[in-house]
Amino acid sequence: MMKTAQDIIIKPIITENSMKDMELKKYTFKVCKSANKIEIAKAVEEAFSGVKVKKVNTINVRGRFKRMGRNEGYKPNWKKAIVTLTEDSKTIEFFEGMM
């Protein structure tokens with residue numbers, strides 16, 4: 001079964017560090033755990049028109065320990081992708097309003 005771009009890219013990650021990286025054309029996304037770098041690059045190019053991906057760095061993030069009252073447990077593990085665009089590529093407009 002072929003995954004669509006929407007299946008691979010779950011949501012953008014908006015933090016102070018990810019905002020700083022945007023000036024260097026680096027965008028951070030939460031992605032599907034089973035997706036590889038090639039699939040992530042294709043999904044970003046497909047989801048945002050006029051964008052060329054230079055490279056993709058992925059990080060497997062461990063779920064944090066959380067406690068609510070006497071109940072405790074771990075949040076689920078997830079995968080983070082930092083996508084670097086080429087110099088001549090367009091920026092991703094979705095993030096422009098965040099700056």
Side-chain angles (χ1 to χ4, degrees):
M1 187 178 92
M2 191 69 200
K3 284 187 248 168
T4 63
Q6 287 80 11
D7 293 337
I8 293 170
I9 300 169
I10 298 168
K11 67 179 185 179
I13 296 170
I14 292 135
T15 61
E16 283 185 27
N17 280 337
S18 70
M19 290 289 143
K20 266 189 230 136
D21 285 345
M22 273 180 219
E23 291 151 32
L24 307 169
K25 290 206 171 180
K26 289 184 180 182
Y27 297 90
T28 311
F29 297 98
K30 180 177 182 177
V31 294
C32 173
K33 270 169 65 172
S34 62
N36 60 34
K37 293 182 181 189
I38 298 155
E39 288 173 336
I40 293 165
K42 282 182 184 165
V44 169
E45 287 176 355
E46 190 184 305
F48 308 101
S49 58
V51 169
K52 290 195 206 90
V53 175
K54 185 176 176 183
K55 70 175 184 174
V56 178
N57 297 60
T58 59
I59 303 111
N60 282 310
V61 182
R62 284 187 47 201
R64 295 207 329 255
F65 182 76
K66 292 290 270 182
R67 200 162 61 208
M68 292 194 70
R70 69 170 77 153
N71 302 325
E72 55 187 37
Y74 287 90
K75 288 190 142 192
N77 298 336
W78 54 285
K79 193 176 213 175
K80 177 161 77 173
I82 299 170
V83 178
T84 308
L85 305 181
T86 58
E87 278 79 48
D88 60 340
S89 169
K90 271 178 33 187
T91 57
I92 297 176
E93 279 94 21
F94 173 81
F95 288 99
E96 295 306 306
M98 309 289 174
M99 300 296 270

Task: Side-chain heavy atoms of Lys55 within contact of Asn57, under 4.5 Å - done: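 Heavy-atom side-chain distance check passes, below 4.5 Å.
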
Open item on the list: Could you check whether any side-chain heavy atom of Leu85 comes within less than 4.5 Å of a side-chain heavy atom of Thr91, counting everything from C-beta outward?
Closed with: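 Result no, sub-4.5 Å side-chain heavy-atom pair not found.
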
- [ ] Under the salt bridge (charged side-chain N to carboxylate O under 4.0 Å, His left out) rule, collect the residues that match up with Glu39, sequence neighbours excluded.
- [x]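 Applying salt bridge (charged side-chain N to carboxylate O under 4.0 Å, His left out) to Glu39 gives Lys3.
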
Task: salt bridge (charged side-chain N to carboxylate O under 4.0 Å, His left out) involving Lys54 - partner list, sequence neighbours excluded - done: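 Lys54 satisfies salt bridge (charged side-chain N to carboxylate O under 4.0 Å, His left out) with Glu87 once adjacent residues are dropped.
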
Donor-acceptor list for residues 9-21 side chains, cut-off 3.5 Å, not counting sequence neighbours:
from, atom 1, to, atom 2, distance (Å)
Thr15, OG1, Ser18, N, 3.2
Thr15, OG1, Ser18, OG, 3.3
Ser18, OG, Ile13, O, 3.0
Ser18, OG, Thr15, N, 2.9
Ser18, OG, Thr15, O, 3.0

Open item on the list: Donor-acceptor pair, distance only, cut-off 3.5 Å: does the side chain of Lys25 make one with the backbone of Ser89?
Closed with: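 Yes, Lys25 side chain to Ser89 backbone: donor-acceptor pair under 3.5 Å.
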
Can you give the donor-acceptor pairs under 3.5 Å from side chains of residues 71-83 to other protein atoms, not counting sequence neighbours?
from, atom 1, to, atom 2, distance (Å)
Asn77, OD1, Gly63, N, 2.7
Lys79, NZ, Ala35, O, 2.7

TODO: Can you measure from CD (Glu46) to CD (Gln6) and round to the nearest 0.5 angstrom?
DONE: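 CD of Gln6 is found 7.0 Å from CD of Glu46.
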
Open item on the list: Checking Thr86 now: which residues fulfil side chain to side chain donor-acceptor pair (under 3.5 Å) with it, not counting sequence neighbours?
Closed with: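 Thr86: side chain to side chain donor-acceptor pair (under 3.5 Å) contacts with Asp88.
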
- [ ] Report the residues that fulfil side chain to side chain donor-acceptor pair (under 3.5 Å) with Thr4, sequence neighbours left out, ordered by chain and then residue number.
- [x]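 Partners of Thr4 by the side chain to side chain donor-acceptor pair (under 3.5 Å) criterion, ordered by chain and then number, come out as Asp7.
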
Task: Residues Val44, Phe29; criterion side-chain contact (heavy atoms from CB on, under 4.5 Å); working and verdict - done: CA-CA 10 Å; Val44 169; Phe29 297 98; 4.2 Å; yes

TODO: Inspect the surroundings of CD1 in Ile59 and state if more than 12 heavy atoms from other residues, nucleotides or ligands are less than 6.0 Å away.
DONE: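 Enclosed: over 12 neighbouring heavy atoms sit under 6.0 Å from CD1 of Ile59.
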
Task: Smallest separation among heavy atoms of Ala47 and Ala5, with atom names - done: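 That would be CB-CB, 4.2 Å.
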
